[in-house]
Number of protein chains: 2
Amino acid sequence: MIDINIMKIMEIDTLLFAKVIADDTRQEIMKCLCCVWLSVNDVVEKLEGKVNQPTVSHHLKKLEEARLVFVREEGRQRFYTLNEEYLTVCCGALISKFAPSYSAQVVPLDSIPTSDA
Amino acid sequence: MIDINIMKIMEIDTLLFAKVIADDTRQEIMKCLCCVWLSVNDVVEKLEGKVNQPTVSHHLKKLEEARLVFVREEGRQRFYTLNEEYLTVCCGALISKFAPSYSAQVVPLDSIPTSDA
DNA sequence: TTGACATATTGATTGACATCAATATAATGA
DNA sequence: TCATTATATTGATGTCAATCAATATGTCAA
C-alpha cells in the first residue's frame with residue numbers, strides 16, 4: 001500500500017510540473033480556480049483584460065495536460081477548478097526528490113490520487 | 001511566533017521559485033547538490049559533458065539568487081550544496097497559496113529559515 | 001612575478017513559449 | 001436553418017532564457 005504510493009510519487013514529472021506553474025498568468029489563473037468552478041469566460045473576466053480568451057484557453061489546456069485542473073463540460077461551456085490534491089502531491093514529489101531529509105514530515109502518502117482521471 | 005512564520009511564508013515568491021526549478025539542467029544540478037558539497041567543476045564532471053562550465057556557473061548563480069543553494073568559498077573554489085530546507089518551505093508556500101485545504105497537514109511552520117543568509 | 005587553475009562574465013545565437021488576431025468548431029435558441 | 005454564444009485552434013510575432021566560445025577575474029604555487 002505505502003509502497004505503491006511511494007512508487008507513484010516517484011513517477012511524477014517534477015520538470016513538467018515546474019514548467020507549468022512557472023508562468024505568471026498561469027499562477028493567476030490557478031489562484032482564480034482555487035476552490036471554485038469557473039467557465040473560461042469567467043476566468044477571462046476575473047483577469048480584467050490582462051489577457052484575452054485564446055490565451056486563457058491556451059493556459060487552461062496546459063494546466064489540464066498537467067492534471068492541475070479538473071474540467072466539467074456543460075453545454076457549450078467548460079468549467080474548470082484547480083486540482084489542489086494533485087498540486088499538493090507534486091509538491092510532495094519535489095520535496096521527496098530534492099529534500100529527502102524533509103520528506104517524512106511533509107509528504108501525505110495516503111492522499112495520492114489514482115491514475116484514472 | 002506562528003504568525004511571523006505565516007507572514008514569512010506569504011512573502012515567498014512562488015513565481016521565482018517555479019521559474020528557477022523549471023529547467024532540466026537546473027534540476028539535474030539540484031540532484032547533484034542534494035546532501036553534498038560540490039565545487040563547480042565537480043558538478044560539471046558529474047553532468048558528464050551535458051553542459052560546460054560557464055553554463056553550470058550560470059545555473060548556480062540562478063539557484064543562489066533564489067536561495068536554493070548555500071555557497072562556501074575556499075581558495076579559488078566555490079562549493080555549493082542544496083538548501084533543502086528552503087526548498088521545502090517554498091513547496092509549503094505553493095501549497096499554502098494554491099491548495100489551502102491541504103495546507104495544515106503539510107506546511108512545516110516551525111522550520112522556516114530566517115532572512116539573514 | 002609568472003604560469004596554471006577555478007570560476008565568473010560577456011556577447012552572440014538559438015529555441016521555446018506567451019500572446020494576439022483571425023478563424024474554426026460546437027452548442028443553443030429562435 | 002440561421003444567428004448567437006462559448007471555446008478551441010491556427011499562424012504570426014515578439015520576448016525571454018539556455019547555451020556556448022571567448023575572455024576576464026581571482027587565487028595559488030613556484
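Quick note on labels: first sequence line is chain A, next is B, and so on, each numbered from 1. Every heavy atom of this structure was used, including side-chain atoms; hydrogens, water molecules and symmetry mates were not.
One interatomic measurement links the two molecules: CG of B/L63 to C1' of C/dA8, which rounds to 15 Å at whole-angstrom precision. The interatomic distance linking A/E65 (CD) with C/dC17 (P) rounds to 11 Å, in whole Å. Taking atom CG of residue B/L60 and atom P of nucleotide D/dT19, one finds them 12 Å apart after rounding to whole Å. Distance A/D23 CG to D/dA17 P: 11 Å, rounded to the nearest Å. If you take CD1 of A/I29 and P of C/dA18, they are 11 Å apart, rounded to a whole angstrom. Between A/R76 atom CZ and D/dA6 atom P there is a gap of 6 Å when expressed in whole angstrom units. Atom CG of B/D24 is separated from atom C1' of D/dA17 by 15 Å (rounded to the nearest Å). Whole-Å rounding puts the A/L47 CG to C/dA18 P distance at 15 Å.
Contact annotation: A/R26 side-chain N/O to C/dA18 OP1/OP2 distance is under 4.0 Å. Considering only side-chain N and O atoms, A/N41 lies under 4.0 angstrom from the phosphate OP1 or OP2 of D/dT7. At C/dA6, none of the side-chain N or O atoms of B/R78 fall inside 4.0 Å of OP1 or OP2 (strictly under the cut-off). The phosphate of C/dT19 has OP1 or OP2 within less than 4.0 Å of a side-chain N or O from A/T25. The side chain of A/N52 contributes no N or O atom lying less than 4.0 Å from OP1 or OP2 of C/dT19. The side chain of B/K62 contributes no N or O atom lying less than 4.0 Å from OP1 or OP2 of D/dA17. Dashed line: the shortest gap from a side-chain N or O of A/S39 to OP1 or OP2 of D/dA6 is not under 4.0 Å. Under 4.0 angstrom from either OP1 or OP2 of D/dT19 there lies no side-chain N or O belonging to B/H58.
Candidate nucleotides D/dA18, C/dA8, C/dT9 were compared by shortest atom distance to the side chain of B/K61, and C/dT9 ranks first. In this structure, the nucleotide among D/dA22, D/dT19, C/dA22 sitting nearest to the side chain of A/P54 is C/dA22. The nucleotide whose nearest atom lies closest to any side-chain atom of A/K19 is, among D/dT27, C/dC17, C/dT7, C/dC17. Taking the side chain of B/T55 as heavy atoms from C-beta on, and the options D/dG26, D/dT19, D/dA21, the nearest nucleotide is D/dT19. When distances run from any side-chain atom of B/Q77 to the nucleotides D/dA8, C/dA6, C/dA18, the shortest one goes to C/dA6.
In this structure, B/H59 reaches the sugar-phosphate backbone alone: every heavy-atom distance under 4.0 Å involves primed, P, OP1 or OP2 atoms, never a base. Residue B/Y80 is classed as a sugar-phosphate contact, given heavy-atom separations below 4.0 Å to backbone atoms only.
At a cut-off of 3.5 angstrom, counting only N and O atoms as typed in the model, there is a donor on one side and an acceptor on the other between the side-chain of A/Q53 and the base of D/dA8.
Partner assigned to D/dG26 is C/dC5, using Watson-Crick or G-U wobble distances below 3.5 angstrom.
Of the listed residues (A/L87, A/V20, A/N83), just one forms a side chain to side chain contact (heavy atoms under 4.5 Å, CB included) with A/M30, and that residue is A/L87.
In this structure, A/K50 places its NZ atom where more than 12 heavy-atom neighbours from other residues, nucleotides or ligands lie under 6.0 Å away.
B/T88 and B/E84 share no donor-acceptor pair across their side chains, judged by distance under 3.5 Å alone.
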- Stepwise salt bridge (Lys or Arg N to Asp or Glu O under 4.0 Å) test for B/R67 and B/E85: CA-CA 10 Å; B/R67 296 183 50 192; B/E85 186 174 37; over 6 Å; no

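Map A/G75 and A/K50 each onto its nearest nucleotide of DNA chain C; the residue landing nearer the 5' end is A/K50.
Between B/R72 and B/E74, at least one side-chain N (NZ, or NE/NH1/NH2) sits under 4.0 Å from a carboxylate O, which counts as a salt bridge.
One distance of note links CZ of A/F98 with SG of B/C91; it measures 9.5 Å at 0.5 Å rounding.
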